[in-house]
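Both ligands and their constituent atoms are indexed starting at 1 by order of listing.
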Amino acid sequence: MTFRYSDGSTPVGLDVGTSRIVAAWPSESDYIYRSELNSFVTLPGSKFTEGVLRKENVPHTVRANEILVQGNESERFADLLGAESRRPMARGFLNPDEPESLSMMQELLRSLLGTAKHARQKLFFSVPAAPAGAADTATFHEASLRQMLTELGYDAKSVSEGLAVVYSELEGSNYTGIGISVGGGLCNVCMSYLAVPVISFSVPKAGDYIDASAASVTNEMATRMRLVKENTFVFGGVQQEKAHQVISVYYDDLINSLVAAMKEVFTKSKSLPRLGRPIPMVLSGGSTMPPGFRDRFEQAVRASEFPVPVSEIRLAGDPLTATAKGALIAALSEM
Ligand SMILES: Nc1ncnc2c1ncn2[C@@H]1O[C@H](COP(=O)(O)OP(=O)(O)OP(=O)(O)O)[C@@H](O)[C@H]1O
Ligand SMILES: [Mg+2]
C-alpha cells in the first residue's frame, strides 16, 4: 500500500476497545499514539474537586450533584474509593446495561480526539466482527459511534478489528495471513488473502472474562485481579500464588476456547481459500502481553490439528497499538 497526502490533511486511526480507546496519527517518520481507559467513576459533586480536576487536566463531566471522571484517572479513583469502575462498553460493544454508556463514550472521544482539525478529516474506527446471532448489536454499535464521530466533525468509517491487525502487521506477506486480537471484551479473528478479508469472527471471551472469573473464585474485586494479571502474571510451570494459579486456569480456558473456535469456523467455512502454502498468524491485543503467551498459544494450535497450515505464530510489534495503527493505515490508503 502506498500512502499519499493529496491535500495536506491528517487522517486518524481509532481503536474503540472495551478496555481502552487508542488513537493514532501519522508523524514525520512514524505514528503517534494516545490512549484513554474506556471507563469512568462517579464522585460526589463539589466545586472544590471540580477546580482541582480542571487544574490537573483530568477529563471529567460535571452533573447536578456528581462529577464523572472518565479515562485514565478513573482506575486510580476506583481503587482509592474501593469501587469497581463503570464501563461504557462490554464484550466489544456499547454496554446496554450502562445508562451513561453513550454520553461517556462521547466525552471520552471528545477528550481523546478533540474536534476535527479541517473539513472532511478522515477517520477509521475499529469495530468487532459480530458474534454469531448478534448482528443487531453490531449495527447499533457501529451507527452510534459513526454518529458521535460525525458530530465531532470527522469523516468516519469503520474497519473490522481483525482486518486492522492484518493491515498493521502482515505487510511482509502481502496482507495474507490470520490477524488475531485478544483484547479485554473479546477476541477478533480475520483471515485475509491479499488484503481481502475472507473470514472474520469474534469470540466473546477475553481479559475481562479472566478478571471476572478469577475474582469470583478468590472473592476479590475484578479490578484487583486485573492488576495482578497485568503486573506479575507469567505463563508456565506450577504457579506459586493462589491468584496466579487461578488466573492461569482461566487464561488456558480462554486460549483453548479461541483455538477451538478458529478450528471450527475454518473447518466449516466454504470460502476457505486454497492457499497452497502455509500462512502466518499474528497475535495482538493487551491480553497477549504476559511473558509466555505466544508459546502457550502455539502449543494449543499445534495440539489441535489446525485445519490451515500455519508458517509462524508471532506477536505484533506493539500489541497495544496494532489495531489503531491498522485503522490509520486503512485511512491513509484512501488518501
Ligand atoms: N501487561 C499486561 N498483561 C496482561 N494483560 C494485560 C496487560 N496489559 C493489558 N492487559 C489486558 O488486556 C486487556 C485489554 O486489551 P486491549 O486494550 O487490547 O483491549 P480492547 O481493545 O480495549 O478490548 P476489545 O478489543 O476486547 O474490545 C485487558 O483485559 C487488560 O487487563
Ligand atoms: Mg481491541
Subject >> Distance from atom 2 (C) of ligand 1 to nearest protein heavy atom, with residue and atom >> reply: Met289 CB, 3.4 Å

Subject >> Candidate with minimal heavy-atom separation from atom 19 (O) of ligand 1, of Ala322, Gly92, Gly184 >> reply: Gly184

**OP:** Among all protein heavy atoms, pick the one closest to atom 10 (N) of ligand 1 and tell me residue, atom and distance.
**Re:** Gly286 O, 3.3 Å

**OP:** Going by heavy-atom distance to atom 27 (O) of ligand 1, choose the closest among Thr18, Val16, Asp15.
**Re:** Thr18

**OP:** Determine, using the 4.5 Å side-chain heavy-atom cutoff (strictly less than), whether Phe293 and Tyr209 are members of one ILVMFWY cluster.
**Re:** yes

**OP:** Could you check Tyr154 against Phe125 for ring pair (Phe, Tyr, Trp, His ring centres under 6.0 Å), going step by step and ending with a plain yes or no?
**Re:** CA-CA 11 Å; Tyr154 294 95; Phe125 63 100; over 10 Å; no

Original post:
Which one of Val127, Asn188, Val189 satisfies the side chain to side chain contact (heavy atoms under 4.5 Å, CB included) criterion with Ser202?
Top reply: Asn188

Original post:
With respect to atom 13 (C) of ligand 1, which of Gly183, Gly207, Ser35 exhibits the smallest heavy-atom separation?
Top reply: Gly183

Original post:
In Glu161, the N, O or S atom nearest to the Mg ion (ligand 2) is which?
Top reply: OE2

**OP:** Quick one: look up the protein heavy atom nearest atom 21 (O) of ligand 1 and list residue, atom name and how far away it is.
**Re:** Gly17 CA, 3.5 Å

Original post:
Considering only protein heavy atoms, which is closest to atom 26 (O) of ligand 1, and at what distance to one decimal place?
Top reply: Gly185 N, 2.7 Å

**OP:** Give the residue and atom name of whichever protein heavy atom lies nearest to atom 30 (C) of ligand 1, and the separation in Å to one decimal.
**Re:** Glu230 OE2, 3.1 Å

